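This report concerns only the one structure given below.
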Amino acid sequence: MKPVFEYSRGMREKELHYCPGCTHGIAHRLIMEVLDEKGQLGDAIGVAPVGCSIVSHQYMNVDMLESPHGRAPAVASGIKRVHPNSPVFTYQGDGDLASIGTSEIIHAAERGEKFTTVFINNAIYGMTGGQMAPTTLIGQTATTAPEGRTVAQAGYPMRMCEIISQMDAAVYVERVTVTSPGDVRKAKKALERAFEVQEKKLGFSFVEILSTCPTNWGLPPVKAIEWLRENMMEYYPVKQFKCPEEVK
Amino acid sequence: MAEKKLMKGNEAFATSAIHAGCRYYFGYPITPQNEVPEFMSRELAKAGGYFIQAESELGAINMAYGAAAAGGRVLLSTSSPGIALMQENLSLLSSVELPIVLVSVMRGGPGIGSIQPGQADYNQATKGGGNGDYHTIVFAPASIQEAVDMIYKGFDVADEYRNPVMVCADGMIGQMMEPVVLPPEKAPLAEEEIGNVKPWALTGHKEKRERNAINSVWLQQELLEEYIEQYWPKYVKAENELQDWEAINVENCETLFVAYGSVSRVVKEAMADLEKEGHNVGLIRLKTLWPFPHKAFELIGDNCKNVICCELSMGQMMKDVEAEVKGKYPVHLINRVGGMLLDPVEVVERTKKILEVK
Ligand SMILES: Cc1ncc(C[n+]2csc(CCOP(=O)(O)OP(=O)(O)O)c2C)c(N)n1
Ligand code: SF4
Ligand SMILES: [Mg+2]
């Protein structure tokens, strides 16, 4: 009998350390499923960030390394020069990509680097315990914005897809979420297209996944999903910003 | 015999790297090393390699990290403030045991400083500014030929020790022209060969081995302690095997100079003048800054009365020399800083003053 559901070959048989209700695990699995289905687990090279997913190389069954905080796009650029035909991806949180690493991500996008970035936007610094991120929403509380983020003090949250899609060489840009089975399927499709863009060497590909951090949002898992849908999706619209004809 | 070619320092450095089989270079403009990225942007692609003008020195050294992790032979070059920015990665590259060669063309500091030659990055190079227990292996050339040879050999040392190697040239050596004999051209490692030669490299596991993970974070401190203790012996080995220096009349001299880099050439000229006037002088020229050439100081003979350190800093090298001679001889400093240079006349005059006062 054909099994309906299996452990993904892309995931190593390790228990995830992520908190209950955290969407890092779903994002990991989707990337690995996509690479597995493309037959590329043996070729892929991943770059882990500094953030809760720093040890994602313990879970993903592909060659990986840890980047210094924010520098993953530069690291991936170097890897891609040595292995131009291998699928290379960075996996980065919002503190990593949208704060300390803005220079690296913008310039990698601008150079049209032929790797894929998966951007995990949970509107908070998860690993360090819930400080304000550049993506923290106005009014959202954080340990460094205890009364809630204000425009006067911290300006507006950064919309990375909107920024990246300004760059001509960033040819595939999509924002997805993984808060319902339908959204998970759409997210997987987006990742498939992103890796196809990379394989066809069309340019830089970027997928933002709106994610939950129940622990630092101070919400139980189901409430965290509701909060994401009600608050984040309004400011961060889930949509495809750019997609080349070749992968439509 | 290979023919001699008149070359500018920075271009010779880059050529030497290409001859050593380096095919990856990442750079960011900063004087006085700009000829390196300029040369690489013209020449590396012709040799089948890759050049990226990075967004910053942080970008450059992280590209180098990626390329080295992927199994490539990588050169970086920058100058003083650029090295300051790269320190996080020097610590990281050491922690994950990856080889790269980094040319530091030192200028005057601190801060943005001056663009004239300097040696005030001695501590930056040898003591590092990165976090944690690690060392960078540091060579200090005194001529373009020596720089070319050190860069060429540096790639093998970096591979053998799986550690960053820095070649500390001052702006003088980067900018001047001298005849050099270039070392023979080595073929670069082919992409298909990387997995065999560097089994730790990220090549994709090809479903043939466990996945490789290059990690620098240790959430269990017991394991990090174990890991450090496991790699530390290579630094002990480096201290034993890599110390390098040039010794002139060290056993017999009364006045011993200690210097490195372009300053040692000035000192040699000053020594010739001092000898003519009847002074008994000697020189230890450091060719490695880390490991510090302790063994050279064991050669000092009974005649020695004064040790004079000549350097373009406020005495950074002198501190290491003082630790070495342990109070047996008075240690003096002849220096200029901020991008100002020493010349033989000044060294002679200041030496005579030191010897008179005694
Ligand atoms: C240079 C440097 N600065 C700061 C840190 C501390 N640090 C670790 S994780 C992190 C934030 C991660 O947040 P994010 O990228 O949003 O990832 P998340 O944990 O939310 O997935 C910070 C600031 C570090 N490791 N290195
Ligand atoms: S702290 Fe937040 S981002 Fe980190 S594992 Fe927990 S829920 Fe996930
Ligand atoms: Mg985050």
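Model, not experiment: these values are computed from the prediction. Each chain gets a letter, A, B and so on, in the order the sequences are listed, and its residues count up from 1.
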Any chance CD of B:Glu222 has more than 12 other-residue heavy atoms, nucleotides or ligands included, within less than 6.0 Å? yes
Nearest atoms (heavy-atom pairs only) where A:Ala74 meets B:Gly59: CB-O, 3.6 Å
Looking at A:Ile100, I want to see if its CD1 is surrounded by more than 12 non-hydrogen atoms of other residues, nucleotides or ligands under 6.0 Å. yes
When you compare the side chain of A:Asn61 with that of B:His205, does any pair of heavy atoms fall below 4.5 Å? yes
From B:Gln53 atom CD to A:His107 atom NE2, the distance as rounded to the nearest 0.5 Å: 10.5 Å
Proximity breakdown for A:Ala44 and chain B, heavy-atom pairs closer than 4.5 Å: backbone
Chain A heavy atoms under 4.5 Å from B:Ala68: which part of the residue, side chain, backbone, both or neither? neither
Just how far is it from atom CZ of A:Arg81 to atom OH of B:Tyr25, taken to the nearest 0.5 Å? 14.5 Å
If we define contacts as heavy-atom pairs under 4.5 Å, which of A:Lys80, A:Glu66, A:His69 has the most with chain B? A:Glu66
Tell me, yes or no, whether the heavy-atom count around B:Ile112 atom CD1, taken from other residues, nucleotides or ligands under 6.0 Å, exceeds 12. no
Should we say atom OH of B:Tyr134 is surrounded by more than 12 heavy atoms from elsewhere, each under 6.0 Å from it? yes
Heavy-atom distances under 4.5 Å only: say whether B:Ile194 touches chain A with side chain, backbone, both or neither. side chain
Do the side chains of A:Asp63 and B:Lys206 get close enough for a salt bridge, i.e. N-O under 4.0 angstrom? no
Could you measure the distance from the CG atom of B:Leu92 to the OG atom of A:Ser67? Nearest 0.5 Å is fine. 8.0 Å
Starting at CG of B:Leu98, measure out to CG of A:Leu65 and round the result to the nearest 0.5 Å. 8.0 Å
What are the two closest non-hydrogen atoms of B:Phe26 and A:Gly78, and how far apart are they? CZ-CA, 4.3 Å
Would one find more than 12 heavy atoms of other residues, nucleotides or ligands at under 6.0 Å from atom NZ of A:Lys189? no
Is it true that atom OH of B:Tyr227 has more than 12 heavy atoms of other residues, nucleotides or ligands lying nearer than 6.0 Å? yes
Heavy-atom check, side chain of B:Glu207 versus side chain of A:Leu41, under 4.5 Å: yes
Which of A:Arg111, A:His57, A:Met60, A:His83 touches chain B most, by non-hydrogen pairs under 4.5 Å: A:His83
If you count heavy-atom pairs within less than 4.5 Å of chain A, which of B:Leu219, B:Asn89, B:Ile52 leads? B:Ile52
With a 4.5 angstrom heavy-atom cut-off, is it the side chain or the backbone of A:Ile45 that approaches chain B, or both, or neither? side chain
Can you tell me which portion of B:Ala69 sits under 4.5 Å from chain A's heavy atoms? Options are side chain, backbone, both or neither. side chain
Contacting moiety of A:Gln58, where chain B heavy atoms sit under 4.5 Å: both
For each of A:Ile79, A:Val88, A:Ile106, tally heavy-atom pairs with chain B at distances under 4.5 Å, and name the one with the top tally. A:Ile79
Is there a side-chain contact between B:Arg211 and A:Met64, using heavy atoms and a 4.5 Å cut-off? no
If we only count heavy atoms from C-beta on, is the A:Arg71 to B:Leu58 side-chain gap below 4.5 Å? yes
In terms of heavy-atom pairs under 4.5 Å with chain B, which of A:Val50, A:Val47, A:Ile54 leads? A:Ile54
Find out whether B:Tyr65 and A:Pro68 are in side-chain contact, i.e. whether some heavy atom of one side chain is under 4.5 Å from a heavy atom of the other. yes
Heavy-atom distance under 4.5 Å between the side chains of A:Val82 and B:Arg23, does that happen here? no
Which heavy-atom pair separates B:Met63 from A:Ser77 by the least distance, and what is that distance? CG-CB, 4.3 Å
